[in-house]
Number of protein chains: 2
Amino acid sequence: MDKNLKRMATMHRMQVTGLELFYEQGYYNTSVDDILKSLELSKGAFYYHFQSKEDFFISIIQNLIVQKVYGTLIEPIEGKENPLTVIEKCLDNSLQTAENNEMDYGFVVHNFLTEFNGRNETISRYLRDILKIWEVNLITLLQKGKTDGYVIRHVNSEAAASFIISSYMGIRTLMVEGNPRILRYNYISQLRSYLNTMVQRELA
Amino acid sequence: MDKNLKRMATMHRMQVTGLELFYEQGYYNTSVDDILKSLELSKGAFYYHFQSKEDFFISIIQNLIVQKVYGTLIEPIEGKENPLTVIEKCLDNSLQTAENNEMDYGFVVHNFLTEFNGRNETISRYLRDILKIWEVNLITLLQKGKTDGYVIRHVNSEAAASFIISSYMGIRTLMVEGNPRILRYNYISQLRSYLNTMVQRELA
DNA sequence: AATTGCACCGACCACTTAGTCGGTAAAAAT
DNA sequence: ATTTTTACCGACTAAGTGGTCGGTGCAATT
């Protein structure tokens, strides 16, 4: 038990630093040695805890990235009332965090997906699964929004969900080297106008 | 002259193969040797024509990527009449090409931008400049659309342009491993509904 | 006929890569 | 008190990595 704690602590430390560097520099452009140097740990420690660089990265996805996405994109909208206002607020919050983060390199899931898409099936599946969960959540929310009278019935929830996801992934990339304040403000204004096309007006 | 032709031909062959491999596998995950093996050329040939791997990549951007973006995203909309229908048609065409391409890995500029953002200032500036040209073109088109009576006056053209670009970059990534037919159809349906919010209705 | 320079060859260099393995100090189990 | 296990060390390996450099055949120039 106590043993497991020490083990977990070290593994966690490695994963945190690993994610930091992979996110900053990319997976292929970051060596195991880079991470180890930054941690002041040895090769032996690394391969004692993880089978391979790939195995290490997968554990990062499962232990850190999934949680991050849940915390910022899924839980804030899950089961909420008015889907359209909740989605807008959630994305705005997320963009605000990115805006205030000096070391923002874009949407983690998306960056890695771009790096692994078509090159590492195992890893890109994990990443796509995360997006899938988000997507399913958005769809569910929009569907519920229909029965609750917030969203127009004929809206295609699947299409809306992937449109929202697409636009979010794109704007995050643009914000990395653009003016994040203006980009965020403009993005939200357009998102709102898009979401407005789905609003079920009250019956007078 | 004839000399220059041979020189140019080899350089072009290298650039084409280089872009192919960089696009498929990523820049950092593709070695100069990989490209040379695929071309059946030697190290000597490579460093005779190019100063470095980076220099080589920059020449690819300037000679191939810029043209590709111009051909598919800029020329088809430049100076056209109704901005909103033209933008929709242009993006749909581009997505159709991607859909029919068995070896599609997403939007070239966007993939490389993700790979270099914050890691190689020189290269990411080139890539951002390409996006900038596209953006300026979209803005100009929308502005002209206002004076021509197609677009509502109070529309924020800058915001609209970067929203369109964002959504396009995102959907291209999703299409890589998703069902491209459905994704494209759904995307265009949502894009249309977004663009519709900007339509200047005729005065009766 | 002799010379020059272009386009290319491929062995080589210093360095980095992911991954292995024999060792070890300290803690836990016996 | 002795053995075993845990968590980690760091030298090492084999296979790359980007890049250099002396050489070479051939076409154009002289």
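Chain naming here is simple, since letters A, B, ... match the order of the sequence lines and numbering starts at 1 in each. What you see below is based on every heavy atom in this structure, not just the backbone, and it leaves out hydrogens, waters and symmetry mates. Being a predicted model, the structure only gives us computed values, none of them experimental.
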Mind checking the CD1-NZ spacing from A:I87 to A:K80? Nearest 0.5 Å is all I need.
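Rounded to the nearest 0.5 Å, the CD1-NZ separation comes out at 12.0 Å.
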Please lay out, stage by stage, how A:E121 and A:R128 fare under the test salt bridge (charged side-chain N to carboxylate O under 4.0 Å, His left out).
CA-CA 10 Å; A:E121 181 51 30; A:R128 271 182 281 126; 3.0 Å; yes
Would the distance check show the side chain of B:D92 and the main-chain N or O of B:E88 forming a donor-acceptor pair, the cut-off being under 3.5 Å?
no
Pairing residues for [X] by the salt bridge (charged side-chain N to carboxylate O under 4.0 Å, His left out) criterion, not counting sequence neighbours:
X: A:R13; value: none
X: A:D55; value: none
X: B:D33; value: B:K43

Interatomic distance where [atom1] belongs to [X] and [atom2] belongs to [N] [whole Å]:
X: A:H12; N: D:dA7; atom1: NE2; atom2: P; answer: 17 Å
X: A:K37; N: C:dT17; atom1: NZ; atom2: C1'; answer: 13 Å
X: A:Q25; N: C:dT16; atom1: CD; atom2: C1'; answer: 14 Å
X: A:M8; N: D:dA7; atom1: CE; atom2: P; answer: 11 Å

Restricting to nitrogen or oxygen on both sides, can you table the protein-nucleotides 10-15 of chain C pairs closer than 3.5 Å?
residue, atom, partner, partner atom, Å
C:dG10, O6, B:G44, N, 2.8

Under-4.0 Å side-chain N/O to phosphate OP1/OP2 contact, A:R7 with D:dT6
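It does not, given that no N or O in the side chain of A:R7 lies less than 4.0 Å from OP1 or OP2 of D:dT6.
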Which residue in the set B:F112, B:F56, B:F116 passes ring pair (Phe, Tyr, Trp, His ring centres under 6.0 Å) when paired with B:Y27?
B:F116
Quick check on the 6.0 Å ring-centre criterion: do A:Y168 and A:W134 meet it?
yes
Please check if the distance between the ring centroids of B:H110 and A:H110 is under 6.0 Å.
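Under 6.0 Å, so yes.
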Quick check on contacts: within residues 46-53 of chain B, what sits under 4.0 Å from DNA chain D by heavy-atom distance?
B:Y47, B:S52, B:K53
How far apart are the closest heavy atoms of A:L142 and A:A160, and which atoms are they?
CD1-CB, 3.9 Å
Measure up the A:Y194 and B:Y194 rings against each other and bin them: parallel (under 30°), tilted (30 to 60°), perpendicular (over 60°).
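Plane angle over 60°, so perpendicular.
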When you measure from every atom of DNA chain C, which of residues 26-36 of chain B have a heavy atom less than 4.0 Å away?
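Under 4.0 Å from DNA chain C: no residue of residues 26-36 of chain B.
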